[in-house]
Amino acid sequence: MTESPAGRAIDCLANVHFGETQNQPAFMTKVRDDYFKGPKSMYDPIDLGALLEEMDANGVERAILMDNLTKPSVTARKFVEAHPERFALAMGGVNLLRPIPSLRELAAAVRDLPVAYAVVGPSFWGDGQYPPSDAVYYPLYTKCAELDLPLCVNTGLPGPPIPGEVQNPIHLDRVCVRFPELRLCMIHGADPWWDIAIRMLIKYKNLRLMTSAWSPKRLPESLLHYMRTRGPDKIIFASDFPVLRMNRVVPEARALDLPPDVLDNYLYHNAAEFFFGGRQPQEF
């Protein structure tokens with residue numbers, strides 16, 4: 001890869017699996033049509049060459065691709081196999097109500113594949129009735145802490161018309177207290193609860209926030225102020241490609257009113273340290 005003159009980046013969330021589903025569920029088409037006002041091509045199959053070209057054009061050194069334990073992404077795993085130096089996986093699909101088999105699969109995936117983090121969306125399973133403070137998540141928290149595997153949790157109101165209160169970041173307050181060993185990251189921003197998320201980031205050393213699915217130019221000034229002051233090492237860049245294309249969001253990020261070192265942290269160093277800094281399995 002030829003590094004962009006403007007610097008390098010890591011895109012911590014890309015959805016190359018969208019094109020594997022011939023008919024998207026209704027809530028996904030509503031996200032595209034009503035929420036993001038996206039083109040019909042948003043859920044088309046992703047070409048590896050085209051993705052690498054878009055990454056190279058924007059200085060994106062690595063991308064983390066969404067995958068799933070219950071429905072593995074053929075596309076994501078093919079891309080990882082073809083270019084292990086460019087791609088890693090984000091692993092979802094843990095059955096929180098019957099966790100033991102799923103957690104064994106997660107541990108095996110971490111052993112055999114380049115898994116950068118596990119991921120769970122509270123609004124997207126169980127009819128949105130289980131906030132992250134519920135004990136149903138505790139086996140997942142324990143296993144991720146044991147593996148020293150970062151866990152990303154959706155926060156903020158979701159785009160689809162599904163219950164969103166469970167994604168209020170305040171629900172992670174009790175989690176951070178009870179699992180200080182867990183490397184935890186809020187993803188998809190925290191709207192409309194940005195101030196709660198920022199206060200949580202100040203409070204807990206093991207907590208981060210990823211701005212996936214957010215246009216950088218739409219990020220609130222309160223978050224940018226936090227990045228310039230107390231949180232230069234806490235905020236992580238991601239696109240949510242192809243919902244938001246790298247061609248759009250990387251230039252927008254570079255145009256933010258941030259000091260050069262803070263911008264470098266946001267686009268590259270914070271992700272490199274948090275997701276790729278070397279895993280040390282814990283003993284309990």
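Keep in mind that the numbers below use all heavy atoms, side chains included, and drop hydrogens, waters and symmetry copies. Not measured: the values here are computed from a predicted model.
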I'd like to know if the side chain of Ser239 reaches the main chain of Arg245, judged simply by a donor and an acceptor atom lying under 3.5 Å from each other, with no hydrogens or angles considered. no

Do the side chains of Asp56 and Arg86 get close enough for a salt bridge, i.e. N-O under 4.0 angstrom? yes

List the steps and the verdict of side chain to side chain donor-acceptor pair (under 3.5 Å) for Arg178 and Tyr138. CA-CA 10 Å; Arg178 293 182 172 172; Tyr138 283 16; 2.6 Å; yes

Within the side chain of Glu54, is there an N or O that forms a donor-acceptor pair under 3.5 Å with the backbone of Asn247? yes

Nearest heavy atoms of Cys12 and Tyr117, plus distance in Å: O-OH, 2.7 Å

Between Lys78 and Glu81, is the closest basic N to carboxylate O distance under 4.0 Å? no

Check Glu221 with Arg228, please: is the shortest side-chain N to carboxylate O separation under 4.0 Å? yes

Side chain of Arg230, backbone of Leu201: donor and acceptor closer than 3.5 Å? no

Check: Leu51 and Phe87 side chains under 4.5 Å, non-hydrogen atoms: yes

Is a side-chain N or O of Asp47 found less than 3.5 angstrom from the main chain of Ala50, in a donor-acceptor match? yes

With the side chain counted from C-beta on, respond yes when Leu149 and Leu106 share a heavy-atom pair under 4.5 Å apart, and no when they do not. yes

So, Ser212 side chain and Gly189 main chain: donor-acceptor pair closer than 3.5 Å or not? no

Say whether, by atom type as modelled, one donor and one acceptor occur between the side chain of Gln167 and the main chain of Leu157 under 3.5 angstrom. no

Quick one: closest heavy-atom pair of Leu244 and Ser215, and the distance? CD1-N, 3.6 Å

Please determine which of Val175, Val177, Leu172 meets the side-chain contact (heavy atoms from CB on, under 4.5 Å) test together with Tyr204. Val177

Under the 3.5 angstrom rule, does the side chain of Asn15 hit a backbone N or O of Phe241 as a donor-acceptor pair? yes

Using a 3.5 Å distance criterion without hydrogens, assess whether the side chain of Asn168 forms a donor-acceptor pair with backbone atoms of Ile170. yes

Could you tell me whether the side chain of Gln129 and the main chain of Gly126 form a donor-acceptor pair under 3.5 Å? yes

Partners meeting ring pair (Phe, Tyr, Trp, His ring centres under 6.0 Å) with Tyr130 (sequence neighbours left out): Trp125

Side-chain (Ser123) to main-chain (Pro163) donor-acceptor, under 3.5 angstrom: yes

Quick one about His17 and Thr75 (side-chain donor to acceptor, distance below 3.5 Å, no hydrogens or angles considered), yes or no? no

Sole candidate of Asp261, Leu258, Asn270, Val262 that passes side-chain contact (heavy atoms from CB on, under 4.5 Å) when paired with Pro232: Val262

